[in-house]
Enquirer: 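Right, I'll just put the structure down here and ask away after.
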Amino acid sequence: MDEALDAYRAAIAANPRFREAHAALAGLLVHQPESWDEALARLRDLLEAKPTEASHLRGALSIAEGRERAPAVRLGRMILSALGSATAQEREYEAARSESSFPTAGGLENPVWECARRLAVSAGEEIGRALGAPAESAAVGDPGDPLAAYRTAALAAEGELAAPGLVPLEDGEVAEVLRIVAELACDAEQVHGDGHRVNRLSSELGRRARRRLRRELGSVAAREIAEIDFAAWRCELRTLAHFQALAQSASDLRTALLALLEGDAGCERPGPNADLAAALEGAPVALALLRRVVLSWIDGI
């Protein structure tokens with residue numbers, strides 16, 4: 001074992017991109033309790049690159065079982081079940097679980113992007129009134145369909161994590177609204193954007209609201225908000241919303257992935273235990289959600 005570990009470490013030192021050596025080393029470290037922290041770190045890197053890899057998921061699950069982390073064991077088996085990679089015994093275990101064990105959603109990793117998200121939350125009511133938007137997102141499809149119910153929960157979560165009035169807008173419109181809000185908060189001499197929208201937002205955001213938003217911005221300048229790639233920002237926000245919807249709704253991870261596969265890739269609904277790994281590679285939002293779930297799971301083992 002020691003010679004094998006040395007050989008794989010030497011291979012990685014010679015070629016840090018030698019993925020097979022990283023995978024083999026992580027697989028060996030799973031069998032050494034004193035090396036579990038290193039094993040999890042290596043498995044985390046591997047799963048960040050490919051969160052559908054069942055062998056790496058099983059390696060992390062084995063460590064969770066060895067450490068007797070019951071919530072992590074439940075979540076690991078749920079992930080395998082969601083992918084269609086679980087054994088019959090694991091599926092039976094998953095069916096009998098009493099709670100989802102999802103961690104909290106947190107925020108966006110990029111601090112400027114997270115500032116823009118918090119700015120949207122703080123100005124949510126004013127944005128809604130300025131845009132004439134409903135206070136809550138409408139239901140999507142048949143409420144009796146689990147996939148439609150999940151989509152509705154995800155849209156509601158997106159509104160909670162930013163502002164309900166932004167949910168139906170195109171990316172460019174979201175960028176304009178938040179740029180205007182940031183400029184108004186900073187009392188910019190000239191506010192750029194559609195004149196009607198500027199006037200409505202300016203009317204809704206009075207002096208007290210602008211002070212509140214200026215505190216939310218902190219050291220972040222309005223210019224930094226304007227420079228955000230809002231298409232990418234929206235993608236991360238929606239991933240976060242899907243994660244929150246899983247934690248708060250009655251939906252499970254497989255239902256969420258199936259709902260996103262239908263939307264992203266136009267896939268036909270697969271059978272109950274069908275393997276989703278290949279289909280997920282062509283569905284970026286579903287894959288991003290799975291990645292966030294997997295990495296949060298590993299961080300809790």
Side-chain angles (χ1 to χ4, degrees), residues 1-97 99-103 106 109 239 243 246 252-254 256-257 273-284 286-301:
M1 175 70 81
D2 290 340
E3 290 177 357
L5 291 171
D6 289 342
Y8 286 122
R9 291 186 197 281
I12 291 169
N15 180 6
R17 296 184 179 183
F18 190 2
R19 183 177 173 84
E20 290 81 358
H22 283 284
L25 178 58
L28 290 179
L29 292 172
V30 165
H31 300 289
Q32 294 193 315
E34 68 276 11
S35 299
W36 278 348
D37 285 343
E38 181 185 354
L40 285 172
R42 292 184 178 277
L43 288 169
R44 192 185 195 284
D45 289 342
L46 290 163
L47 286 166
E48 184 171 11
K50 189 175 182 181
T52 57
E53 184 57 60
S55 62
H56 301 331
L57 292 169
R58 289 190 182 284
L61 176 58
S62 176
I63 295 174
E65 292 170 338
R67 287 181 168 176
E68 299 182 349
R69 304 277 173 84
V73 171
R74 283 195 294 270
L75 185 49
R77 290 178 175 174
M78 179 170 56
I79 291 169
L80 286 169
S81 293
L83 285 172
S85 301
T87 64
Q89 183 179 3
E90 288 166 341
R91 288 196 298 271
E92 182 179 347
Y93 181 100
E94 161 63 7
R97 70 184 173 87
E99 57 185 38
S100 66
S101 307
F102 273 98
E109 291 185 9
T239 300
F243 191 87
L246 275 172
D252 58 24
L253 180 58
R254 188 171 179 87
L257 294 178
N273 299 316
D275 189 341
L276 302 183
L280 286 169
E281 295 298 330
L287 195 62
L289 172 62
L290 176 64
R291 180 177 291 108
R292 189 175 184 108
V293 170
V294 167
L295 297 184
S296 296
W297 166 58
I298 288 183
D299 290 344
I301 294 177

Enquirer: May I ask you to decide if A64's main-chain N or O and R69's side chain share a donor-acceptor pair within less than 3.5 Å?
Expert: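 Side chain of R69 to backbone of A64, a donor-acceptor pair under 3.5 Å: no, none is there.
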Enquirer: Any carboxylate oxygen within less than 4.0 angstrom of a Lys/Arg side-chain nitrogen, looking at D45 and R17?
Expert: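 No.
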Enquirer: Surrounding CD of E109 (heavy atoms of other residues, nucleotides or ligands, distance under 6.0 Å), is the total greater than 12?
Expert: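 Atom CD in E109 is not crowded, with 12 or fewer foreign heavy atoms closer than 6.0 Å.
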Enquirer: May I have the step-by-step check of side chain to side chain contact (heavy atoms under 4.5 Å, CB included) for D299 and L40, ending in yes or no?
Expert: CA-CA 8 Å; D299 290 344; L40 285 172; over 6 Å; no
Enquirer: Looking only at heavy atoms, what is the nearest atom pair of R58 and A86, with distance?
Expert: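 In terms of heavy atoms, the two residues are closest at NH2-CA, 4.0 Å.
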Enquirer: CZ/R292 to OG1/T239 distance, rounded to the nearest 0.5 angstrom?
Expert: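 Going from the CZ atom of R292 to the OG1 atom of T239 covers 7.5 Å.
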Enquirer: For P51 and L83, work out which heavy atoms get closest and say how close.
Expert: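 Reported closest heavy-atom pair: O-CD1, 4.3 Å.
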Enquirer: Would you mind checking if E53 and R44 are paired as a salt bridge, meaning a charged N to carboxylate O distance below 4.0 Å?
Expert: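 A salt bridge is absent here (no side-chain N lies under 4.0 Å from a carboxylate O).
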Enquirer: Is there a side-chain contact between W36 and L29 in this structure, where contact means two heavy atoms from C-beta onward sitting under 4.5 Å apart?
Expert: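 No, their side chains stay 4.5 Å or more apart.
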Enquirer: Do E38 and Q32 make a side-chain contact, defined as non-hydrogen atoms from C-beta onward lying under 4.5 Å apart?
Expert: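 A side-chain contact is absent here, since even the closest heavy-atom pair is not under 4.5 Å.
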Enquirer: With no hydrogens and no angle check, is any side-chain donor or acceptor of H22 less than 3.5 Å from a backbone partner on P16?
Expert: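 Yes, the answer is positive, given that a donor and an acceptor are paired below the 3.5 Å cut-off.
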Enquirer: What is the distance from atom OG of S35 to atom CG of L5, rounded to the nearest 0.5 Å?
Expert: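 Going from the OG atom of S35 to the CG atom of L5 covers 7.0 Å.
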Enquirer: With rounding to the nearest 0.5 Å, note down the distance linking CG in L28 to OH in Y8.
Expert: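 The distance works out to 6.0 Å.
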Enquirer: Hey, are the side chains of L290 and L253 touching, using non-hydrogen atoms and a 4.5 Å cut-off?
Expert: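 They are in side-chain contact.
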Enquirer: Can you name the closest pair of heavy atoms from A82 and L276 and give their distance?
Expert: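 Between these two residues, the closest heavy atoms are O-CD1, 3.3 Å.
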Enquirer: Taking atom OG of S62 and atom CD1 of I301, what is their separation to the nearest 0.5 Å?
Expert: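 The OG atom of S62 sits 10.0 Å away from the CD1 atom of I301.
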Enquirer: Any salt bridge linking E65 with R77? Criterion: basic side-chain nitrogen under 4.0 Å from a carboxylate oxygen.
Expert: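 The answer is yes: the pair qualifies as a salt bridge.
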Enquirer: Search all heavy atoms of R9 against all heavy atoms of R42 and return the closest pair with its distance.
Expert: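 Result for this residue pair: NH1-NH2, 3.8 Å.
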Enquirer: Are T52 and L57 side-chain neighbours, meaning at least one heavy-atom pair lies under 4.5 Å?
Expert: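 Side chain of T52 against side chain of L57, heavy atoms only: no contact under 4.5 Å found.
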Enquirer: Can you find a heavy atom in the side chain of L61 that is under 4.5 Å from one in the side chain of W297?
Expert: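 SC-SC contact between L61 and W297 confirmed.
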Enquirer: Roughly how far, to the nearest 0.5 Å, is CG of L25 from CD1 of I12?
Expert: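 One gets 4.5 Å once the value is rounded to the nearest 0.5 Å.
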Enquirer: Of the non-hydrogen atoms in A26 and L43, which two are nearest, and what is the gap between them?
Expert: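 Shortest heavy-atom separation between A26 and L43 comes out as CB-CD2, 3.9 Å.
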Enquirer: Is there side-chain contact between K50 and R19, with at least one heavy-atom pair below 4.5 Å?
Expert: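 Answer yes - side chains close enough.
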Enquirer: Where is the tightest heavy-atom contact between L280 and A286, given as atom of each residue plus distance?
Expert: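 Taking L280 first and A286 second, the nearest heavy atoms are CD2-CB, 3.6 Å.
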Enquirer: With a 4.5 Å heavy-atom cut-off, do E68 and V73 have their side chains touching?
Expert: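 When only atoms from C-beta onward are counted, V73 and E68 do not touch, as no gap falls below 4.5 Å.
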